[in-house]
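In what follows, a single structure is set out as structure tokens and then discussed.
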Amino acid sequence: MKKHWNMETDIPWDRFDRSLVDDDTVKVIKAAALTEYNAPHYTVYLRNIFHADDQFQAISYQWADEEVQHGLALGRWSEMADPGYDFQAAFKKFTSAYVIPVDKEKSIRGTLQGELLARCLVETGTSSMYSAIADSVEEPVLKLLCRKIAADEFRHYKLFYTYMQQVPEAEKASLLGRIRVAVGRLREVDDDELAIAFHCANEADQPYDLARCNKAYSSRAFSYYRRYHVERAIGMIFKAVGLKPHSWMAKLASNYAQGVMKDRVAA
Ligand SMILES: [Fe+2]
Ligand SMILES: [Fe+2]
């Protein structure tokens with residue numbers, strides 16, 4: 001299957017406008033580019049987990065191709081915004097500091113449904129973040145790029161969500177199990193991956209520190225979110241877990257998430 005857009009032909013790189021670039025956005029985009037570009041590594045893990053499923057193997061290659069393009073395109077934009085920046089050098093630093101354990105034969109989420117649910121949550125996070133950045137920044141190349149990436153991330157969510165409905169009975173999780181997976185994956189937002197990416201992309205002069213780098217990343221990344229981005233993301237999470245996306249519980253969760261994000265931005 002072909003990618004939905006091509007970074008060489010569908011992005012008007014010559015419209016880049018340096019006067020509309022802000023430093024905080026450059027920092028966030030540099031970190032995001034590193035994690036996107038690292039996706040093929042994660043497909044090794046996914047292909048191990050779904051070793052008996054040819055259809056999913058094919059899907060995972062297409063997915064990884066699109067994530068790599070996100071990384072390359074955001075990396076190119078980062079180098080245009082900061083001409084002294086070397087995306088590939090930062091990526092090398094990132095992959096030696098952050099190693100994903102891929103040699104698993106069973107999903108760390110317990111079941112294939114749990115694994116696909118965790119993927120849905122990651123795609124919820126990326127689709128909402130690129131939508132929020134696209135709605136917030138003025139620089140025209142980044143704005144368009146983030147719109148195109150967000151569209152891919154929404155499609156990825158749909159892909160994993162659809163596949164989740166087809167897993168065999170023995171690979172399904174109970175509602176409680178699904179809630180546990182969702183809460184666990186949401187907590188991982190504070191793990192090393194994004195914090196190390198932020199460090200490798202932006203800090204040459206100080207040692208890595210999880211708490212400091214996590215704060216530096218999330219205070220910037222969450223600043224783009226508006227109420228409707230959070231509400232949509234919570235709806236997508238509820239739907240993936242198997243709960244009603246338009247319910248009082250979803251509203252409560254959305255208000256809570258907005259409060260947490262506001263605190264992070266202000267911290
Ligand atoms: Fe992506
Ligand atoms: Fe994605």
Side-chain angles (χ1 to χ4, degrees), residues 1-8 10-11 25 27-47 49-50 56-78 87 90-91 94-95 98 100 102 109 115-137 141-164 182 185-186 188-189 191 193-194 196-198 200-201 217-218 221-222 224-225 229 232-233 235-237 239-240:
M1 213 163 65
K2 245 179 87 200
K3 290 196 277 284
H4 289 85
W5 54 279
N6 182 317
M7 65 178 272
E8 302 302 338
D10 297 328
I11 304 295
T25 300
K27 287 183 169 155
V28 170
I29 295 298
K30 282 178 178 174
L34 298 183
T35 59
E36 295 277 351
Y37 196 49
N38 201 28
H41 207 71
Y42 195 80
T43 53
V44 178
Y45 163 74
L46 278 183
R47 280 195 285 273
I49 304 298
F50 289 88
F56 190 84
Q57 303 261 338
I59 285 173
S60 74
Y61 281 107
Q62 161 83 15
W63 168 77
D65 267 5
E66 294 188 345
E67 301 296 8
V68 164
Q69 177 164 263
H70 299 169
L72 285 173
L74 293 171
R76 182 183 292 182
W77 186 87
S78 303
F87 167 62
F91 183 68
F94 175 58
T95 48
Y98 181 69
I100 308 172
V102 294
R109 315 289 169 188
E115 185 61 45
L116 290 162
L117 171 59
R119 294 313 317 163
C120 283
L121 261 65
V122 173
E123 303 297 348
T124 299
T126 52
S127 60
S128 63
M129 190 180 86
Y130 293 117
S131 299
I133 295 176
D135 289 349
S136 169
V137 298
V141 176
L142 183 64
K143 205 175 183 64
L144 179 68
L145 195 51
C146 286
R147 285 225 185 291
K148 290 205 174 286
I149 295 176
D152 281 348
E153 311 294 20
F154 282 117
R155 274 189 290 268
H156 294 164
Y157 171 92
K158 201 167 167 238
L159 184 81
F160 291 126
Y161 179 81
T162 306
Y163 214 80
M164 196 165 64
R185 186 58 191 86
L186 288 171
E188 287 169 29
V189 171
D191 281 1
E193 185 178 18
L194 289 163
I196 293 180
F198 186 88
C200 294
Y217 174 78
S218 58
F222 291 163
Y224 304 102
Y225 281 76
H229 300 119
R232 186 171 187 184
M236 287 166 73
I237 292 171
K239 188 178 163 190

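One-based numbering, in listed order, for ligands and for the atoms of each. In this text the structure is predicted, and so the values were computed from the model without any measurement. All residue numbers refer to positions in the sequence shown, counting from 1.
- F91 and F87 have tilted rings, their planes meeting at an angle from 30° to 60° on a 0 to 90° scale.
- Ring-plane geometry between Y98 and F94 is classed as parallel, the angle between the planes falling under 30 degrees on a 0 to 90 degree scale with a further cut at 60.
- For E123, the N/O/S atom at the shortest distance from the Fe ion (ligand 2) is named OE1.
- Distance alone, capped at 3.5 Å, places no donor-acceptor pair between the K3 side chain and the E66 backbone.
- Ionic pairing of E67 and R119 is not present here: no N-O contact between side-chain nitrogen and carboxylate oxygen is shorter than 4.0 angstrom.
- With a 4.5 Å cut-off on side-chain heavy atoms, Y224 and H229 do not count as touching.
- Around the Fe ion (ligand 1), the protein N, O or S atoms closer than 2.8 Å are E36 OE1, E36 OE2, E67 OE1, H70 ND1, E153 OE2, listed by chain and residue number.
- Electrostatic pairing of D135 and R147 counts as a salt bridge here, judged by a charged N lying under 4.0 Å from a carboxylate O.
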